[in-house]
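Okay, so here's the structure we're looking at.
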Amino acid sequence: QGLHSSSSSSSSLPNTISNRKSALDLTIPSYSIVNLSRHLTKLSLQPSFKMFDDQEKLVQGNLNAVKKGSFARVMNHWFQENSITKAARNGLMNILQNTLGANVNLPIRLLDVSYDEDKNKINQQESSYTHVINKGISDDNVNEELESICVENNDVSGDDVSIQTIQKSDDENSDSSVAVESIKSVSSNELEKCHAESIVEKYDIKIARFIQIDQCVNDCFVYAGENTNKFSCPKCNEIRFRPCCRTLCKGRGTSTCEHLYKDGVAFKQMFYRPLLILIADLLKTTHFLTALNYERKPNISQSSESYTDFMDGEIAKTHLENMKEIFSVWQLQHHDMRADSVSVNLLLSEFYDGAQLFKNQVNNFWVLMTQILNLPPTYRGKLGIGMFIQAIYAGKHMPAEKFLFIDNFCEELRLLYYGVEINVSGVSYFIQARLVLHTLDTRAAEAFVP
């Protein structure tokens, strides 16, 4: 899933770019996509993002037991595929826990402190049943012995029915095992007691590859940075969230419940995919660096003044040489630590244009695409290989669109212009990027260029 942008996400991290110099002023200075992107990239590159008990056995004492984390992830996928509600998930996990007891280490969180006491009570009761059989008491005294056990354990409900069920007829030959099975049904209501809640989703956490940011329905305000904790737009007074629908919430039907900051559904959002996370994922792809550093074969019949590809131009060659020089200087600053670092130089282009999704109403839908130009030509135009969806925006040329470009896209490009170091699978990479080609709607460009 996407990550909601908030002031806490950026303020808790140190500022990575000091003495900012740019022709464009940030629309929300307290918001930092650089810090947020660095943080998410670091999390996505962790070798394992798992719960502390992920590798514990599900069934104790079984040498080939399934791991607790594996079981939780399978259950979570099954819950999602079949649209199982939260209440049904909790009910199933409680039945399993109450049935199997302490021998199974289920992915649950206990809610009731008296749960252990209840389980001890059940275990003592079952031990008493076993004791009745082992004593070898006569069939005539089974009912009297078992009835006393039920009374001691306060199993008053249903005891008359169970005792009548196991009454020994003169014409029937019923053994004590039948009696015990009938008495055990007295405590079957214990299986449905709610002592815990399911936490299977905590074992199936995936790092977001995009961020979703709430915006005003009229595109005049963005709820990010210091503006996160607001319920309505200060410019047009339009509400931010859809009304609360929690059954037991006192604010049900309103749009000002505090919990909406965490789980509320905004009327309108924009989506942005951080460049740094995208590049980190590409570096984990086999043969990406090989394709990135490919060398074009010169055409003998081609004159020195003719161009057959963008990479033949002076702009592309100049930027690549400049990035190589910067990498060399960066590497020499701490040669002992950076001797094995790998240079990653990217030439990027952007494409931004919009369209109408519906015929019966005006609803502008805009997509920002990013393309890597120094990949082989056969890769550049393939979505997910050389071309990527960078952002999705629905609205007019208003402050929300400026925030998308200036505070997000341009800030990350500025970070990559100076270079950033990341470690992927034990290898240090120094990443630089230059945006050298723009394909924009002129009206769209007017929205964020002074």
Side-chain angles (χ1 to χ4, degrees), residues 2-3 33 37 40-41 44-45 206-213 269-296 307-313 315-317 319-320 323 342-357 364-395 401 404-406 408-417 420 422 424 429 431-445 447-448:
L3 181 72
I33 184 59
S37 178
L40 291 177
T41 303
S44 68
L45 294 176
K206 297 179 181 178
I207 302 301
R209 278 347 189 231
F210 66 92
I211 58 174
Q212 51 193 43
I213 307 169
Q269 290 182 322
M270 67 175 68
F271 301 87
Y272 178 75
R273 184 179 188 178
L275 276 168
L276 199 56
I277 298 180
L278 171 61
I279 297 171
D281 287 339
L282 289 174
L283 290 175
K284 291 186 291 186
T285 304
T286 307
H287 305 308
F288 171 73
L289 278 180
T290 303
L292 189 67
N293 297 322
Y294 88 105
E295 295 184 2
R296 287 173 48 78
Y307 298 95
T308 59
D309 185 74
F310 176 82
M311 298 301 295
D312 295 332
I315 291 179
K317 294 178 180 179
H319 279 296
L320 288 175
M323 286 188 283
V342 180
S343 176
V344 179
N345 302 324
L346 303 171
L347 296 179
L348 306 177
S349 73
E350 65 169 332
F351 172 82
Y352 186 64
D353 203 355
Q356 293 292 334
L357 295 181
N364 295 323
F365 178 82
W366 299 82
V367 176
L368 174 63
M369 306 285 291
T370 302
Q371 187 177 22
I372 302 176
L373 296 177
N374 53 325
L375 284 174
T378 54
Y379 292 163
R380 294 175 197 168
K382 293 183 178 180
L383 189 63
I385 298 177
M387 181 178 287
F388 308 90
I389 298 177
Q390 200 66 44
I392 298 176
Y393 170 75
E401 189 178 46
L404 175 62
F405 276 90
I406 297 176
N408 290 279
F409 192 52
C410 290
E411 280 297 284
E412 277 206 290
L413 288 173
R414 196 166 64 86
L415 169 69
L416 293 170
Y417 183 89
V420 59
I422 64 173
V424 179
Y429 296 95
I431 304 171
Q432 299 178 83
R434 302 287 188 271
L435 185 63
V436 295
L437 179 62
H438 308 263
T439 307
L440 300 171
D441 185 341
T442 54
R443 290 295 301 276
F448 56 89

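What you see is a predicted model; the values in this text were computed from it and never measured.
Sequence neighbours left out, the pairs with a member in residues 378-390 that pass salt bridge (Lys or Arg N to Asp or Glu O under 4.0 Å) are Asp309-Arg380.
In this structure, the separation between CD1 on Ile385 and CD on Gln371 is 12.5 Å, given to the nearest 0.5 Å. One distance of note links CD1 of Ile211 with CE of Met270; it measures 9.5 Å at 0.5 Å rounding. Atom CG in Asn408 sits 10.5 Å away from atom CG in Leu368 (nearest 0.5 Å).
For the pair Glu412 (side chain) and Leu275 (backbone), a donor-acceptor distance under 3.5 Å is present.
With a 4.5 Å cut-off on side-chain heavy atoms, Phe310 and Val436 count as touching. Counting only heavy atoms from C-beta outward, the side chains of Asp353 and Trp366 approach each other to under 4.5 Å. Contact check for Leu348 versus Ile372: side-chain heavy atoms found under the 4.5 Å cut-off. With contacts defined as side-chain heavy-atom distances shorter than 4.5 Å, the pair Leu375/Tyr294 does not qualify. Inter-residue side-chain proximity for Phe409 and Glu350 is flagged as met; some heavy-atom pair is nearer than 4.5 Å. Here the side chains of Arg273 and Ile389 are not in contact, with every heavy-atom distance at 4.5 Å or above.
The environment of CZ in Phe365 is crowded: more than 12 heavy-atom neighbours from other residues, nucleotides or ligands sit within 6.0 Å.
For Arg434, the side chain to side chain donor-acceptor pair (under 3.5 Å) criterion is met by Asn322, not counting sequence neighbours. The side chain to side chain contact (heavy atoms under 4.5 Å, CB included) test applied to Leu320 returns Met311, Met323, Asn345, Leu347, Asn374, not counting sequence neighbours. Partners of Thr41 under the side chain to side chain contact (heavy atoms under 4.5 Å, CB included) rule, at least two apart in sequence or in another chain, are Ser37, Ser44, Leu45, Leu276, Ile277, Ala280. For the side chain to side chain donor-acceptor pair (under 3.5 Å) test, no residue two or more places apart in sequence or in another chain qualifies with Tyr393. Applying the side chain to side chain donor-acceptor pair (under 3.5 Å) criterion to Gln390, with sequence neighbours excluded, gives Thr370.
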Please set out all donor-acceptor pairs under 3.5 angstrom arising from side-chain atoms of residues 283-291, sequence neighbours excluded.
{"from": "Thr285", "atom 1": "OG1", "to": "Asp281", "atom 2": "O", "distance (Å)": "3.2"}
{"from": "Thr285", "atom 1": "OG1", "to": "Leu282", "atom 2": "O", "distance (Å)": "3.4"}

